Number of protein chains: 2
Amino acid sequence: MADDGPGRGKVLVVGGTHGNEVNAPWLLETGLREASGGLELALVIGNPEARAAGRRYLDRDLNRCFDPERLADPGAREWEMLRARQLLELHGPEARDPALVVLDLHSTTAAMGNSLVVYGRRPADLALAAALQQRLGLPIYLHEGDPRQSGYLVERWPCGLVIEVGPVPQGVLNATIVNQTRLVLEVALEVLATARQVDPSLPRTLVVHRHLGSLDLPRQADGAAAAMLHPRRLGRDWQPMQPGDPLFLAPDGETIGYAPPSALAQQTVWPVFINEAAYGEKGIALSLTRREEWRLDPAWGAALQAQARQLRLVSG
Amino acid sequence: MADDGPGRGKVLVVGGTHGNEVNAPWLLETGLREASGGLELALVIGNPEARAAGRRYLDRDLNRCFDPERLADPGAREWEMLRARQLLELHGPEARDPALVVLDLHSTTAAMGNSLVVYGRRPADLALAAALQQRLGLPIYLHEGDPRQSGYLVERWPCGLVIEVGPVPQGVLNATIVNQTRLVLEVALEVLATARQVDPSLPRTLVVHRHLGSLDLPRQADGAAAAMLHPRRLGRDWQPMQPGDPLFLAPDGETIGYAPPSALAQQTVWPVFINEAAYGEKGIALSLTRREEWRLDPAWGAALQAQARQLRLVSG
């Protein structure tokens, strides 16, 4: 059995990649009540300096610092670039004591519920997400192919995903958010621990919400917002939106309907990250996805198992 | 009629005293749709630099910078102390173009609804709050006598109060919050415009929630939080709490009941500002109040009228 081998890597669990998301750090620091399936974990606060300052980041969003080119650029010296390199040195897949799977715990002001974000289409990530969706019914946001948004932390490990929970304001500790985060984390560790020993049990299909692009608020010539999100759209993450549905509200009370970009004309979209506080500066009022049902490729489970087999037990 | 006089002062309306409270600045910048009762207004962003940085403040909470002693101390040179002095120079009661009434618009992550905060027991403030409570049913938080919390902006003008709306995360523009803020502001200006001309119509009684003190989260020896607010207490601002009611939740799942300070033993309290994000750093998880019904003193209406009569009309 694979279980007999010592395993060579640990699971990295990161909370507080954004310094003003306080619920995951609380969870990591007060202890996970349930077992981790025996896997060796590294529990890490992603950006302790930003956390101490009560800010998302100091110089640059840490979760946009993991582009290989930028990491390799000695001129990139922002605090968060240094921290990104440090995390890879300590816990990266090439570290002396490597982590081979990463779970990055986030919260959002958007009503995302308990959800997963997967970056790209790596087979092991998709298998892990599918297993979690089967067990907990979580929606999955598949982020890919957006040149405006890249350099995510989990992309630098062989397998990993983001657990995204909301709504909760920045800087607010909320027991419900903590418990939701704990639940997904515990089940993810269970799935990995099981896959380490046996074929992972996976569903036949997977529902993903595939990233299509993002929309900003309407803007005036000077860049100031010319409208707000419409109250009838707030809190409706994951719910379908048709062309013409109320999307923005102008100061004079006029409702502005959703006008799809030409590539998406006539199509239904499923918005996510509606009114996330931190995305205002990125020019994102909401992101658009398409709901798709995918048949699972048997190779995905094998890829997950291959990763999981390399994980080390605490007693190993 | 008093209306015949030119009046000598304006009404100061401040939004964004805290730079990450974005709804009131939006309201002030996109225009108040309804008339202001003809009163001359100064619409001011309280802390534009903190707003540009997306933070509550840069050096010091601007809404704790208005202590007369500190204002007079030339050694107090934090950015917000400079800004406080500047606001008084431009719009203070002794300015060349003075404001005589101030309305300071805030938002909170706590479920305060649409509410008022009054600082101390100045007759004109109480009359204005009573008039707003009569018209809109707003709860009133009477803040007084807390040496840990002082130096509020409105205290430096002869009459003024805070309009506090929530819950909304920091940095999040929300049409409902904007509209709630607009409603209170418009009615407050109507009350002032009316009181400028005739005896203000006031209720016989006023319900206030009088500040008793604040509670922090339980702490470990190193200062880290040892428990969270209990989920059954979240979102229940203004609702009574008895000794023993669930208040905190420890990491092991234990519920910690409300244990009143000795001065409040056996008493019902009404918590406010439950889990306000910005109060964590101040060591405040919630504040405790006592609900009291007060009979209006006829002198209060006269005091409000005396202030209002000095206000200038736009056409004046």
Side-chain angles (χ1 to χ4, degrees), chain A residues 20 22-23 25-33 52-57 107-110 166-180 182 217 220 222 224-235 246 248-253 255 274-281 285, chain B residues 20 22-23 25-33 52-57 107-110 166-180 182 217 220 222 224-235 246 248-253 255 274-281 285:
Chain A
N20 54 10
V22 300
N23 289 278
W26 165 267
L27 176 63
L28 300 185
E29 290 182 343
T30 58
L32 300 169
R33 252 182 294 172
R55 292 160 59 184
R56 183 175 174 92
Y57 57 85
S107 63
T108 170
T109 65
V168 65
Q170 296 171 342
V172 166
L173 187 62
N174 179 301
T176 305
I177 299 292
V178 170
N179 283 335
Q180 286 179 236
R182 185 202 315 270
L217 296 177
Q220 298 166 347
D222 66 356
M228 296 179 279
L229 280 162
H230 197 283
R232 280 155 66 189
R233 180 48 53 189
L234 294 180
F248 301 116
L249 183 66
D252 63 2
T255 291
I274 299 170
N275 226 6
E276 157 57 36
Y279 289 178
E281 68 177 25
Chain B
N20 55 10
V22 301
N23 289 278
W26 165 267
L27 176 62
L28 299 185
E29 290 182 343
T30 57
L32 301 168
R33 250 183 295 172
R55 292 160 59 185
R56 183 175 173 92
Y57 58 84
S107 62
T108 170
T109 65
V168 65
Q170 297 170 341
V172 166
L173 187 62
N174 178 302
T176 305
I177 299 292
V178 170
N179 283 336
Q180 287 178 237
R182 185 203 314 271
L217 296 177
Q220 297 166 347
D222 67 356
M228 298 180 277
L229 281 162
H230 198 284
R232 279 155 65 189
R233 181 47 52 189
L234 293 181
F248 301 117
L249 183 67
D252 63 2
T255 291
I274 300 170
N275 227 3
E276 158 56 37
Y279 290 177
E281 68 175 25

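Just the heavy atoms: all of them, side chains too, but no hydrogens, waters or symmetry mates, feed the values below. Worth saying up front: this structure is predicted, and the values here are computed from it rather than measured.
- Between A:V172 and B:A277, the shortest heavy-atom contact is CG2-CB, 3.5 Å.
- Within the 4.5 angstrom heavy-atom criterion, only backbone atoms of A:A226 (N, CA, C, O) approach chain B.
- Residues passing the side-chain hydrogen bond (donor to acceptor under 3.5 Å, both in side chains) test with B:R55, sequence neighbours excluded: none.
- Separation of atoms CG (A:N179) and CG (B:L249) is listed at 7.0 Å; rounding is to 0.5 Å.
- Test A:L27, A:T30, A:V178 against B:P251 for side chain to side chain contact (heavy atoms under 4.5 Å, CB included) and you get one pass: A:T30.
- If you measure heavy-atom distances from B:L173 to chain A, the contacts under 4.5 Å come from both the backbone and the side chain.
- Chain B forms more heavy-atom pairs under 4.5 Å with one residue of A:G280, A:G171, A:A225 than with any other, namely A:A225.
- A:N174 touches chain B through backbone and side chain together, each having a heavy atom under 4.5 Å away.
- Listed by chain and number, the residues in a side-chain hydrogen bond (donor to acceptor under 3.5 Å, both in side chains) with A:T176 amount to none (sequence neighbours excluded).
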